[in-house]
Amino acid sequence: MYLVCGEALFDVFSEDEASGPASTVNFKAIAGGSPFNVAVGLRRLGVASALLAGLSTDYLGRRLQQVLQDEGVSLDYQVDFAAPTTLAMVAVGTNGSPHYSFRGEGCADRQLQPEHLPALGPEVRGLHIGSFSLVVQPIADTLLALVRRESGQRLISLDPNVRLNPEPDIERWRWRIAELVQHADLIKVSDEDLSLLYPGQDPRRVIEGWLAHRCQLVFLTRGGEGATVFSKHHGSWSVPACSVKIADTVGAGDTFQAALIAWLTEQRLDSIEGLQQLGREQIDGMLRFAVQAAALTCSKTGPDLPYRHQLAMD
């Protein structure tokens with residue numbers, strides 16, 4: 001089982017109102033949040049997963065719970081709070097990229113405290129953390145405590161997934177990411193994340209600094225330009241993006257992350273030792289599988305992550 005930790009929310013999309021009055025706006029809400037998506041994506045790819053998250057007892061929170069249950073994500077690590085569900089208002093640009101505005105202050109997914117951290121048994125093969133749960137309190141310090149506790153005990157993956165709307169202080173992001181990369185075994189980061197975190201710096205130099213710690217692999221996603229992998233032992237190389245008609249890119253990064261973990265799980269390499277044993281050809285197969293999965297998500301509207309049978313694996 002893979003334990004994904006962080007936020008669960010609803011992405012709220014405004015629908016086209018060109019023919020209606022300005023006083024009326026229709027919305028479509030889709031269950032999401034980066035960690036939520038990764039947990040669901042893992043199950044769709046055939047990997048047992050659980051979500052460590054605070055869920056609201058309100059109507060939307062119960063809907064999130066129902067989605068997790070329907071998808072087969074374990075609810076054993078869910079913590080209920082009598083606080084609202086976070087809403088992410090999404091505007092999609094002409095190139096399909098999303099722009100977010102969050103309504104999340106005081107909401108349920110931020111409320112995890114250290115006393116809510118569970119003991120983990122051997123069935124939990126790894127942890128994944130990412131997105132704004134890394135920097136908003138109190139969940140940020142709670143997840144940091146969890147990562148410190150479990151570092152070296154089981155596989156830890158990290159996706160910064162920087163969102164400045166819920167936390168605009170980029171320095172807070174920088175020092176928290178700097179702490180977390182010391183404990184992560186695998187990191188997925190976008191070129192947009194790096195440009196926000198370290199503007200003007202060479203991404204290669206930043207990533208090589210990360211690989212100086214315990215991290216074995218860093219995957220850099222570059223949208224329509226494909227993705228690059230940086231390996232501690234095998235150098236770096238890139239693969240192109242798959243050619244698809246893009247609906248939007250919502251959930252593509254989460255799909256990429258879930259696919260990386262799913263590949264490792266299928267190969268029975270989802271451990272610290274397994275990651276260290278990977279050869280160049282295996283890493284390349286892992287990278288291409290993740291690119292293929294992300295492309296499939298881009299061909300659909302919203303975070304509609306793929307199922308295992310829709311993807312090939314070399």
Whether the side chain of [X] engages the backbone of [Y] through a donor-acceptor N/O pair (distance < 3.5 Å, no angle test) should be reported.
X      : Y      : result
Ser131 : Ser133 : no
Arg44  : Leu305 : yes
Gln137 : Asp141 : yes
Asn165 : Phe102 : yes
Gln310 : Tyr307 : yes
Arg176 : Glu179 : no
Arg214 : Gln182 : no
Arg222 : Glu225 : yes
Thr85  : Gly61  : yes
Arg125 : Tyr2   : no

Establish whether [X] and [Y] are linked, either directly or via other cluster members, by ILVMFWY side-chain heavy-atom contacts under 4.5 Å.
X      : Y      : answer
Met1   : Ile129 : yes
Leu197 : Val181 : yes
Val67  : Leu75  : yes
Leu144 : Val124 : yes
Tyr198 : Leu196 : yes

Non-hydrogen side-chain atoms of [X] and [Y] separated by less than 4.5 Å:
X      : Y      : value
Leu220 : Phe230 : yes
Ile177 : Leu134 : yes
Glu266 : Leu264 : no
Ile30  : Val12  : no
Phe256 : Val291 : yes
Leu296 : Thr255 : no
Val38  : Leu42  : yes
Phe27  : Phe13  : no

If you measure from [atom1] on [X] to [atom2] on [Y], what distance do you get to the nearest 0.5 Å?
X      : Y      : atom1 : atom2 : value
Leu112 : Ile139 : CG    : CD1   : 4.5 Å
Gln276 : Leu269 : CD    : CG    : 11.5 Å
Gln282 : His234 : CD    : NE2   : 8.0 Å
Leu186 : His128 : CG    : NE2   : 9.5 Å
Ser74  : Leu68  : OG    : CG    : 9.5 Å
Glu7   : Leu64  : CD    : CG    : 11.5 Å

Residue pair [X] / [Y]: nearest heavy atoms and the distance that separates them:
X      : Y      : answer
Gln65  : Gln78  : NE2-NE2, 2.8 Å
Gly104 : Arg110 : O-NE, 3.1 Å
Pro199 : Arg174 : CD-NH2, 3.6 Å
Ala241 : Gly224 : CB-O, 3.6 Å
Ala108 : Leu55  : CB-C, 3.7 Å
Pro166 : Val136 : O-CG1, 4.0 Å

For side chain to side chain donor-acceptor pair (under 3.5 Å), just list the numbers for Asp109 and Thr86, CA-CA rounded to whole Å, side-chain angles, deciding distance to a tenth of an Å, and then say yes or no.
CA-CA 7 Å; Asp109 55 353; Thr86 295; 2.7 Å; yes
Of Val162, Leu194, Val206, Leu158, the one forming a side-chain contact (heavy atoms from CB on, under 4.5 Å) with Val189 is Leu194
Trp237 six-ring face occupied by Arg280 cation (under 6.0 Å, within 45°) =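 Yes, Arg280 and Trp237 form such a contact.
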Are [X] and [Y] within salt-bridge range, i.e. N to O under 4.0 Å?
X      : Y      : answer
Arg172 : Glu167 : yes
Lys232 : Asp185 : no
Arg154 : Asp270 : no
Asp70  : Arg63  : no

Candidate pair Gln113 and Thr142, rule side chain to side chain donor-acceptor pair (under 3.5 Å), full reasoning:
CA-CA 6 Å; Gln113 301 275 358; Thr142 302; 5.0 Å; no
- From CA spacing to verdict: side chain to side chain donor-acceptor pair (under 3.5 Å), Asp193, Ser190: CA-CA 5 Å; Asp193 288 337; Ser190 69; 3.1 Å; yes
Can you list the steps and then say if Ser151 with Ile156 is a side chain to side chain contact (heavy atoms under 4.5 Å, CB included)?
CA-CA 7 Å; Ser151 179; Ile156 295 176; 4.3 Å; yes
Give the C-alpha distance, both sets of side-chain angles, the deciding distance and a yes or no for salt bridge (Lys or Arg N to Asp or Glu O under 4.0 Å) between Glu208 and Arg205. CA-CA 5 Å; Glu208 287 175 350; Arg205 292 194 64 181; 6.0 Å; no
- Message: I'd like to know whether Asp58 forms a salt bridge (Lys or Arg N to Asp or Glu O under 4.0 Å) with Arg62, so could you lay out the CA-CA distance, the side-chain angles of the two residues, the decisive distance to 0.1 Å, and finally the verdict.
- Response: CA-CA 6 Å; Asp58 67 11; Arg62 296 306 85 175; over 6 Å; no
List the steps and the verdict of side chain to side chain contact (heavy atoms under 4.5 Å, CB included) for Leu143 and Cys5. CA-CA 8 Å; Leu143 294 186; Cys5 314; 3.7 Å; yes
Requested in this report: Determine whether more than 12 heavy atoms belonging to other residues, nucleotides or ligands lie under 6.0 Å from atom CD of Glu115.
Outcome: yes
Exercise for review: Apply side chain to side chain contact (heavy atoms under 4.5 Å, CB included) to Val229 and Ser236, showing your working.
Suggested key: CA-CA 5 Å; Val229 62; Ser236 69; 5.9 Å; no
Quick one, Asp159 with Ile187, criterion side chain to side chain contact (heavy atoms under 4.5 Å, CB included). Give me CA distance, side-chain angles, the key distance, then yes/no.
CA-CA 6 Å; Asp159 175 10; Ile187 301 172; over 6 Å; no
- request: Taking ring pair (Phe, Tyr, Trp, His ring centres under 6.0 Å) as the test, write out the residues that go with Phe36, two or more places apart.
  value: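 Residues passing ring pair (Phe, Tyr, Trp, His ring centres under 6.0 Å) with Phe36: none at all.
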